[in-house]
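When reading the values below, keep in mind they use all heavy atoms of this one structure, side chains included, and skip hydrogens, waters and symmetry mates. First the proteins, then the strands, lettered A, B, ... as listed; each starts at 1.
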Number of protein chains: 2
Amino acid sequence: MDRHQTEKDDETSAPGRPTLKTLAFMTGLGVTTVSRALKDAPEIGAETRRRVQLVAKQIGYRPNRAGVRLRTGKTNVISLVLNTEREIMSFVSDIIYGVSEVIADTPYHLIVTPYSRSQDPLDPIRYLVETGSADGVIISRAQPNDPRARYMLERGIPFATHGRTDMGLVHPYHDFDNYAFATEAVRHLAGIGRRRLALLAPPVGLTYHGHTVNGFTDALSEVGASEVPFNTVSIDHSIEQIRMRTAQVMRRQDRPDGFVSSAAAATLAVVAGIEDAGLKLGRDVDVVSKQSSELLHLFRRELLVVNENFRLAGSELARAVLGWIGGAEPGSLQSLSAPGEVLAYRRSG
Amino acid sequence: MDRHQTEKDDETSAPGRPTLKTLAFMTGLGVTTVSRALKDAPEIGAETRRRVQLVAKQIGYRPNRAGVRLRTGKTNVISLVLNTEREIMSFVSDIIYGVSEVIADTPYHLIVTPYSRSQDPLDPIRYLVETGSADGVIISRAQPNDPRARYMLERGIPFATHGRTDMGLVHPYHDFDNYAFATEAVRHLAGIGRRRLALLAPPVGLTYHGHTVNGFTDALSEVGASEVPFNTVSIDHSIEQIRMRTAQVMRRQDRPDGFVSSAAAATLAVVAGIEDAGLKLGRDVDVVSKQSSELLHLFRRELLVVNENFRLAGSELARAVLGWIGGAEPGSLQSLSAPGEVLAYRRSG
DNA sequence: GTGACAATCTGTAACGTTTCAGTATATTGC
DNA sequence: GCAATATACTGAAACGTTACAGATTGTCAC
């Protein structure tokens, strides 16, 4: 009766995709043996192993994800959690591709889990953890005291953050060295004679706001330049708001003669504001901006740029999560990307 | 013995997330009844139904995806298939958010399936279909004779394409009316006195290349303007190539006095090329460009723009796939987005 | 020859869900 | 009062996988 049951289905039911049962029938072995043979278990004879693997390859066997997931809890999914309104456009695109590159030859799938302004950023994380929807999570916009990181750390679910936290807790991250970016930017501006600098910073809640501001102010005192306060807007504000505030500050007599901007789109707004005030980039004022795709030099050739590679960030983050899932020490999965030189495409005037 | 088995686990094993078994124990019903009650099956008493649903809500029951998927084959996954190298940056970002909006209050997850230049575009589709990894697929960069669409149509897997095909086969799609875009662009340029126009078109293989070219040439003869051939580059070419070719053509004496460009990034390159040749936008030549984020007017205020909304495209595509999955007629799930007016931010000179 | 032991292989159960084929109980027709 | 039928519920089996606890050999020491 058992025997009967075991054999009745498979030789006839060819149409579906092959399963362990199919392989078992074809090789004349038990499904357990096949299962173990496929993962190179030592208690299976070497020849049997090869034989099973050969047949599996030939007929294109692919383990059923639902079966594995149900049995083991392993989802083979990495979730990328993104803010629907606030992420930089090229960030989304590049980080996805970066992650994809790394997981391409693994069984992992990438799922994108979005959340919107109105929601608690913890919501999507809770969902993922409670439903066990992913083996690992990547979050962006890290905060010094990040409830999401804390939450995942408590539940023991592997994750990596884009940006660092500052809670005395150790976890994988990848970050761009925004302190170095800001200091280099200030030094460069000082080097071309700029002395009154303004910073268009990242939004206040995020960790790299602090890094950027610190780099900026440290370098200011190093080179003996002064700061023109410009903290009523951040790169998260709308193009229009940034443009207006820039125009305002540029119309004052104590206006800045140099800007440091943390994002390319925001830089477009800053330049527009400068020109609204009737001033000329490269003559009256210089702007150093981060950019993630090499387009700013087309916009205004006088712009000074520092490149940040989000695709690299994506790869690093993916590597970090996979590493943690694979059992590596979280502390060994942290990386910091150094900014390159400040690039001047061409000076005008 | 059965009895014993059935009851032994659940009252004690609280820690894990609730399953149908948990609910069955709590309500004193069988798992079958609970399962049916949760999906409002008519053969379950009205009061029982309400009771089960109440308890389920209270304890936060969520069906286990792996269980459902294994049993029914339903994955509750939509896959967005993207070309790692060729997609427009903002397209990736916006379409993901557009899709997300629509699937937010459904059980669907969005997985991103990338493929690179080197691969056959059919590869990722085959993978998805063979492994049954998604209930529905969204593809971009539709071709007149699209093997991916044909393949999925043959296997009966629901999908939607960004862009139309032209194979006499009916399937859901969303498209921007690029024919209308091109005609409007040409008319506008003619309206401001431009008579020798060049088109920076989409790459030749894609369906909307044809739409754009047809709109362009039809409108040319309508307004009695002439075409300056510019088909050695497309918007898929690199910034540098487009820039160089533009500069070349602008140095000839029979140079164009108007451009129509199908993508914003490419437009930056065109403008750079124009200026390389020592000419001035808005005086010597005008450019009408599509854009998907409202940034071009910051770049050069003389640019003429037509907006294309990729977030909308994402939503429409998601709605289309879900509709097909839900049993709607594929032919009823097609939409075309009309371009708005050509927007002139400010004329110079 | 026998007991011990390693080397290979195997069946059963379980993960959580839905479908199928029932089983009780109440209701109806007559 | 009894069969037929509707109503409300139920257990068993199956989806494909892996872990567990064997089972069957063959080999070796003595």
Is [X] touching bases, backbone alone, or none of the nucleic acid, heavy atoms closer than 4.0 Å?
X	answer
G28(B)	sugar-phosphate
T32(A)	base
K39(B)	sugar-phosphate
G67(A)	base

Using OP1 and OP2 only, check whether a side-chain N or O of [X] sits under 4.0 Å from [N].
X	N	result
T33(B)	dT10(D)	yes
T72(A)	dA19(D)	no
S35(B)	dT17(C)	no

What's the separation between atom CG in L20(B) and atom CG in N64(B), rounded to the nearest 0.5 Å?
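Answer rounded to 0.5 Å: 9.5 Å.
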
Interatomic distance where CD belongs to E43(A) and C1' belongs to dT24(D) [whole Å]:
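Whole-Å distance recorded here is 16 Å.
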
To the nearest Å, give me how far apart CZ (R69(A)) and P (dC15(C)) are.
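To the nearest whole Å, that distance equals 17 Å.
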
How are the rings of Y127(B) and H109(A) set relative to one another: parallel (under 30°), tilted (30 to 60°) or perpendicular (over 60°)?
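Ring orientation, 0 to 90° scale: perpendicular.
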
Could you tell me whether the side chain of T113(B) and the main chain of V81(B) form a donor-acceptor pair under 3.5 Å?
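No, because the side chain of T113(B) does not come within donor-acceptor range (under 3.5 Å) of the backbone of V81(B).
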
Between dT17(D), dC9(D), dC15(D), which nucleotide has the shortest distance from any of its atoms to the side chain of R71(A)?
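Comparing dT17(D), dC9(D), dC15(D) against the side chain of R71(A), the answer is dT17(D).
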
Under a 4.0 Å threshold between the charged nitrogen and the carboxylate oxygen, would R50(A) count as salt-bridged to E47(A)?
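No, E47(A) and R50(A) are not salt-bridged.
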
